[in-house]
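What follows is one structure encoded as structure tokens, with my remarks underneath.
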Amino acid sequence: MKRLQLQTEVYVMSILKKSLHVVLLSSLVITPLISVAPSSAYAANEKAQVWLTTADPNTEPKVGLSTDRRLTRQNDLTFSSTTGNADYTFNINEGTTYQQMDGFGVSLTDASAWLLNYKLSSTKRNEVMSNLFSGSGISMSMLRQPMGASDFAWSTYTYDDVNGDTALNQFSIARDQPYIIPIVKAALAKNAGIKIIASPWSAPAWMKYTTNDKNGTGKLKAENYPVYANYFVKFIQAYQAQGIPIYAVTPQNEPLFEPGRYPGMLMNEQDQIGMIGDYLGPALRAAGLNTKVIAYDHNYDNWTFPRTVVQGLKDNGKSQYIAGSAFHHYGGDFTAMTNMHNAHPDKDIWFTEGGFGDWNDPVNGTTQGFDNMINEFIGMTRNWSKSIILWNAALDQKDGPSVIGDNNTNKGMVTIQNSDNNSSNPEDKVTYTKQYYLLGHFSKFVSPGAYRIDSNTFNDMQSVAFKNTDGSKAVVLYNSQNSARTVKVNWNNQSVNYTVPAKSVVTLKW
């Protein structure tokens, strides 16, 4: 596969008064603004930063973005009491708030961590990790980590594969220590505030009603519920001992799916009610752990599953053990999260896995993937999700390594060249996919703790708006049309106008 060499162009821009920043912009790998200094919430002639990405499937088609508009800083705008006419008017009302954001991120799977650790030199690895997690890059602030093997791993394993070890005397995270834990620590070194959600793909095979295979079918044996709860406690404690705090866990990745070719385990609604309310929640409390428990962790189209789990726990007087529900995008659509919010408005919602590949981001000479991706990101946040967590942070040019083999349908946020599966041969060839740039329109400008605030939207010119804890605002706008359109953004009796190019996403921050 042809590899494109990174070409970095550096632009230095001076901004007057309260928002002086030095910004390094790259045609492929951005080195964005260092910080955004808080300014008066209602300053006259407020300056708004403008960051733009435009689809172009004919240039570097595997990236599918214009080479000079990839999360690229444009000229600032100035709010004024008088601006011209526009095709669309957006009213930003920071007095109406919705969910508080936890952040945006990816998964450092076994495959991703191996590539980042072994196929990049230390200098290149530091550059890539900075671009992913630091303020000089896109500032991702969340990770969803598999507890043991997922489909994107060299082999299947759990943390205790010793048959019948109900006391978990042989529990060990040693398999994670050579490269997974170091890469997670490297992410935390770039952004100490990263929140980590952990999910198992399967319990140890001996804990299940199965043919003693981590792959394939099976449910947890009734007598092993307390053992499995203790397994979670030991995992959280072991990672904490490594300096890696676990913000939340889900009882099971995709509990309604039996993959067969990679680890999986069935866990229905009643299973989760019992697991969370009778075992996992109490075990975490007894161990003095404040790790949240999040139900479901599966597709939109079965959102009644988490509704039933949360209601069951409430009916049993155990609502305190459940923080909310988590969703994936492989079935149904994001409006299911609003249905869930309406059913249980006291419980939170997270989007925890979204893979992109040939099936939803095809290299077919169209903007289909671009449109799918940004439409989803805006839709997730407008439908109560506290997070957007994409799937693999990195995969190689063959969409692996994976226990299901090469050339599957998933692509990483970055593609790292791996010609030989040799852990002693860094190749230092990295391509940043559109996942990186489009998620960056959120993660770079919306800080953890921000609230989504009110903004109107249109079918063909969408918006979502946020207010950060420092008082700054960020608005993401998406023009899905084949021609440029002018927008007016109204805020505090002032406005700015901007012409959004065709098939483009723009973030305004002030």
Side-chain angles (χ1 to χ4, degrees), residues 98-109 138-146 150 194-199 247-257 292-307 309-310 322-345 347-357 359-361 372-393 410 413 434-436 438-443 446-452 462 464 466 476 478:
Y98 301 92
Q99 76 274 24
Q100 188 174 30
M101 302 303 297
D102 272 344
F104 306 85
V106 287
S107 292
L108 290 170
T109 58
I138 64 169
S139 294
M140 288 194 296
S141 53
M142 295 197 80
L143 293 172
R144 176 175 177 253
Q145 292 304 109
S150 69
I194 287 173
K195 292 179 176 177
I196 299 172
I197 298 175
S199 304
Y247 171 67
V249 293
T250 70
Q252 174 60 38
N253 171 69
E254 300 187 348
L256 297 175
F257 181 52
K292 297 178 184 292
V293 179
I294 302 173
Y296 191 46
D297 211 7
H298 207 164
N299 295 338
Y300 297 131
D301 54 1
N302 282 298
W303 72 270
T304 56
F305 181 116
R307 180 184 66 183
V309 172
V310 172
I322 185 70
S325 53
F327 289 87
H328 301 178
H329 71 170
Y330 308 109
D333 68 77
F334 43 66
T335 58
M337 294 189 291
T338 289
N339 294 336
M340 184 63 194
H341 169 79
N342 291 340
H344 294 287
K347 299 299 181 182
D348 289 323
I349 295 169
W350 292 263
F351 181 85
T352 51
E353 185 187 312
F356 287 92
W359 59 282
N360 59 353
D361 182 21
N372 287 342
M373 204 174 294
I374 192 61
N375 178 68
E376 282 204 56
F377 294 171
I378 291 176
M380 291 167 187
T381 50
R382 289 191 71 93
N383 282 271
W384 294 97
S385 181
K386 293 169 65 69
S387 65
I388 300 176
I389 304 177
L390 304 186
W391 194 198
N392 294 274
N410 278 274
M413 177 172 279
K434 67 171 64 71
Q435 296 177 49
Y436 174 81
L438 295 189
L439 190 67
H441 272 277
F442 295 80
S443 60
V446 181
S447 302
Y451 282 90
R452 180 169 69 90
Q462 297 181 43
V464 63
F466 305 88
V476 181
Y478 158 50

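Every value quoted in this text rests on a predicted model; they were computed, and no experiment measured them.
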Not counting sequence neighbours, which residues clear ring-ring contact (aromatic ring centres under 6.0 Å, His included) with [X]? List them please.
X	value
Phe377	none
Phe305	Tyr296
Tyr478	none

Check: By side chain to side chain contact (heavy atoms under 4.5 Å, CB included), which residues pair with Ser141, not counting sequence neighbours?
Finding: Asn191, Pro448
Next item on the list: Using side chain to side chain contact (heavy atoms under 4.5 Å, CB included) as the criterion, list what pairs up with Ala393, not counting sequence neighbours.
Entry: Val106, Leu108, Ser112
Contacts of [X] that satisfy side-chain hydrogen bond (donor to acceptor under 3.5 Å, both in side chains) - sequence neighbours left out:
X	value
His441	Thr53, Thr507
Lys292	none
Asn360	none
Gln145	none

Pairs under 3.5 angstrom only: tabulate donor-acceptor contacts from the side chains of residues 328-341 to other protein residues two or more places apart or in another chain.
from	atom 1	to	atom 2	distance (Å)
His328	ND1	Glu254	OE2	2.9
His328	NE2	Asp297	O	3.3
His328	NE2	Asp297	OD1	2.9
His328	NE2	Thr352	OG1	3.4
His329	ND1	Glu376	OE1	2.8
His329	ND1	Glu376	OE2	3.1
His329	NE2	Gly355	N	3.2
His329	NE2	Gly355	O	2.9
Tyr330	OH	Glu353	OE2	2.7
Tyr330	OH	Gly355	N	2.9
Asp333	OD1	Thr335	N	2.9
Asp333	OD1	Thr335	OG1	2.4
Thr338	OG1	Asn383	OD1	2.6

Checklist line | Those residues that, when tested against Asp361, pass salt bridge (charged side-chain N to carboxylate O under 4.0 Å, His left out) (two or more places apart) | finding: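 Scan of Asp361 (salt bridge (charged side-chain N to carboxylate O under 4.0 Å, His left out), adjacent residues dropped) gives Lys434.
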Margin query: Could you work out, with salt bridge (charged side-chain N to carboxylate O under 4.0 Å, His left out) as the rule, every residue matching Lys195, not counting sequence neighbours?
Written below: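 If we apply the salt bridge (charged side-chain N to carboxylate O under 4.0 Å, His left out) test to Lys195, skipping adjacent residues, the hits are Asp102.
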